[in-house]
Amino acid sequence: MKSTERHIYSLRPSFHRRVEGAVVWVLRIATLIILVAGLAVFGDIIFKGSRTVFQTSFPFVNVAFLTEAPKTLYVFEHEGASFEMADDDFRAFRTGLEEEAAAAGLPAPQLKTKSYVYSAGGVFPNIVGTILLVMGSMTIALSLGVASAIYLNEYAKQGPVVRFIRLAILNLAGVPSIVFGLFGFGMFVIYFGWNVSLLAGWFTLAFMVLPVVITASEEALKAVPKGFREGSLALGATKWQTIRKAVLPYATPGILTSSILGIARVAGETAPIMFTAAYVVRDKLPWEVERAIDFLFQGVMALPYHIYVVSSKIPQNEYSERVQYGTAFVFLGIVAIIATTSIVLRNRLRSRYRW
Amino acid sequence: MKRFFDTELETFRSNLVMMGEIAVRQVRDAMKALIESDLSLADQVAAADDELDQLEIKIDEEAIRYMSLRSPVATELRLVVVGMKASHDLERVGDEATNIVRRVARLSAEPPIKPYVDLPRMATIAIQMLRDAMDCFLQIDAEKALLICQRDKEVDDLNRQLYRELSSYMIERPETTSRALELMFISKSIERIADHATNIAEEMIYLAKGEDVRHTEQTRNPDAG
Amino acid sequence: MSAHTLMEITPTTFAPPIADKPAQADSEVHQTLIDIANLDFFYGETKALHDISLKIPEKEVTAFIGPSGCGKSTLLRCLNRMNDLIDIARVDRGTIRIRDIDIYQPDVDVIELRKRVGMVFQKSNPFPKSIYENITYGLRLQGVSAKSRLDEVVERSLRGAALWDEVKDRLHESGLSLSGGQQQRLCIARAIAVEPEIILMDEPCSALDPIATARVEELIHELKSKYTIVIVTHNMQQAARCSDRTAFFYLGRLVEYADTQTIFMKPSDAQTEAYVSGRFG
């Protein structure tokens, strides 16, 4: 008797079960590949970067790297020993030698040096610049974005116009960041005449993250129960009173969540600030300005741009890797710190305004 | 927890109690009018019957209102239903009292054929049964109510005895026939009053326990066996 | 059916109190507060209310009943213009007058109207703030900030909502820490804190258990000495228990409006009878 039916207790796996097993494995391997890639990236940066940022002797952190500006490294040999010195040390050393020689009546010694730009010193101005860029642009993006989200979600009459605006905002999110950079360059740097400045960078970055902020803020506003609005209005509150007292406090955690994503993006983008705000090198720190207004109109150094510069704009050698990975490591650390702070703040608000 | 419509139930309950008191008074006054040939009292009794009729209507209306608006269940539902039935019984008791006093006028015209002994005895038992039944309502006492049911037999026996007695009168002295017949009807009325008291007692058992004891062995007189 | 039989045997000499007479007597005592006349209401192109005319007396409980989608909530939300929140909703024809003021006139201040006509919603919606702040929310909006005045209003409102004894020791805990029934009573307290004249209740007990429901019904009964209450309910027993007058809606039309006893004992319309008997369809 021939039957195509299989007994339910058959030990031989059916075709569908074999497919099932195979699919699970394919998915599992894909995830593993991602995991390995992620670990490789982080591992690489942390391993190599920590050699720059940390040291084996006290105070275990490379303080100079975190507090000094980038400097040129001079490598030379003198009296049989080899030296690696940052430019200012080197100049002092050389002056010392020259004075010594002059005192002895000898001609100044000729040092055979090799110099490597940016390979000495630290990244302090870059850290400051990045933080300033993030804070400024997020302030602009959040105030504009939340305001427009409130308008779109609470006030605007829902219809084709609002739908079109939403679509436009969503499309803005898909625009490549280099285009924003170009726009900022044309608009703020050239047309408004702001030059390469913090202000131009702030607005360029703010415009870039606005779609994210608006979309997420709208979602956060939508997530506030309708009952809060109705309850407030039914008590004789105006719309703005309702939004201020019964909606916004409860949407804030959601809005903050979106701004965390925004911060990571703003801090990380190189393209938009390349033409608008970032200097390759600037010997003054941002607060070393003559007039307060100059603060807004100065360019700054920034971590991502510095990585770009030290990775592609200077000759590569055994000293440049040190600063590349060190910068990347510091950069990751800063993003992590900002994100953690935001998350803690968000969670604290969330537990205060839970419903 | 107290509910805002609990007072409605209280009113309902007190209306029924009031009906019971009026019914007892009516029967007592009717018997008094009969024994003392008091025609004015007889008129009073006849006139007071209207009170009972109105109360019955009021109780019915309250009951229906309560059932339609308050959706009572369990004890409350039984109270409302029992209230309607008991009020009907009490109204009938009032009617029987009126029946009795209607005959007083005719009887008082002539001397009694014999002294009233058995009728007051019957009436006393019937009134007591009625009183006890209303007490059971106030106290929600099923045990006592069961005893009332069993006493109905006594009144039935007295009624039967009086019936035989009056029959023999009619045969021996045909001129007493009409008076004897009146007395037979009165006896029958008292017996009916006791029956209504029994009904009420049975209803009180239903109210207290939710058990229907009508037409069961429980309510029969155990002595009658 | 039994109701009809009873009515028929009732002697004519005795005033039948269950029938129309007390209702008429009542409406003479309580004059009309809300007067809805020939109201047509649209959601976009859909006509949600057809030619509704209804007079709601002062200081009584009026219940709106009817199957889902019959327009009863819509009508309720017309009374404090909560429908304004929906872009496509509009009153097409007819008037709603409260104390002879047409509330749909363009110069009517909706904010002022909503202070006078409070609302309690189906889902209890206390703000995630303290009990105290929930109650004072409305007053603070009006700029009242004197502590003594706020304290007094909090106590009065909570007592009014029969909640004071349960929460007086934890006024500064979150309103959300209360049970469902307490939350709903908190919402009622919040509504009466701004001293409205009318309280609208949109299925206030549909999310509550029977005990909590009974408490709220008890409260409604107490409140009607001071406020005019309009309540939408799916629960016919609730309408029967706590309302004085009942309006039955079906498919956006007012089918029958009468004394609650009449609606539940001898409705004059066959649809009403079918609905209150629970065999609708």
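Numbers restart at 1 for each chain; the letters A, B, ... are given by sequence-line order, proteins then strands. What you see below is based on every heavy atom in this structure, not just the backbone, and it leaves out hydrogens, waters and symmetry mates.
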Problem set entry | Between CZ on residue R70(B) and CZ on residue F264(C), distance to nearest 0.5 Å |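 Interatomic distance, R70(B) CZ to F264(C) CZ, rounded to 0.5 Å: 10.5 Å.
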Exercise. Using non-hydrogen atoms and a limit below 4.5 Å, what part of residues 225-243 of chain C faces chain B?
Worked result: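 Listed by number, the contacting residues are Q237(C), A240(C), R241(C), C242(C).
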For this session: Taking heavy atoms only and a threshold strictly under 4.5 Å, list by residue number the residues of residues 180-211 of chain C that touch chain B; give 'none' if the list is empty.
Result: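 Hits under 4.5 Å: I211(C).
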Can you tell me if [X] has over 12 outside heavy atoms packed within less than 6.0 Å of its [atom1]?
X       : atom1 : answer
F12(B)  : CZ    : yes
K144(B) : NZ    : yes
Y163(B) : OH    : no
R28(B)  : CZ    : yes
R156(C) : CZ    : yes
R78(B)  : CZ    : yes

For this session: Check whether F5(B) gets within reach of chain C through its side chain, its backbone, both or neither, counting any heavy atom under 4.5 Å.
Result: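 When you check distances to chain C, only side chain atoms of F5(B) fall under 4.5 Å.
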Problem set entry | Heavy-atom pair with the smallest gap, counting every atom of Q261(C) and R65(B) |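 Reported closest heavy-atom pair: OE1-NH1, 3.0 Å.
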Problem set entry | Nearest heavy-atom neighbours spanning R3(B) and E218(C) |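 The pair with the smallest heavy-atom distance is CA-OE1, 3.0 Å.
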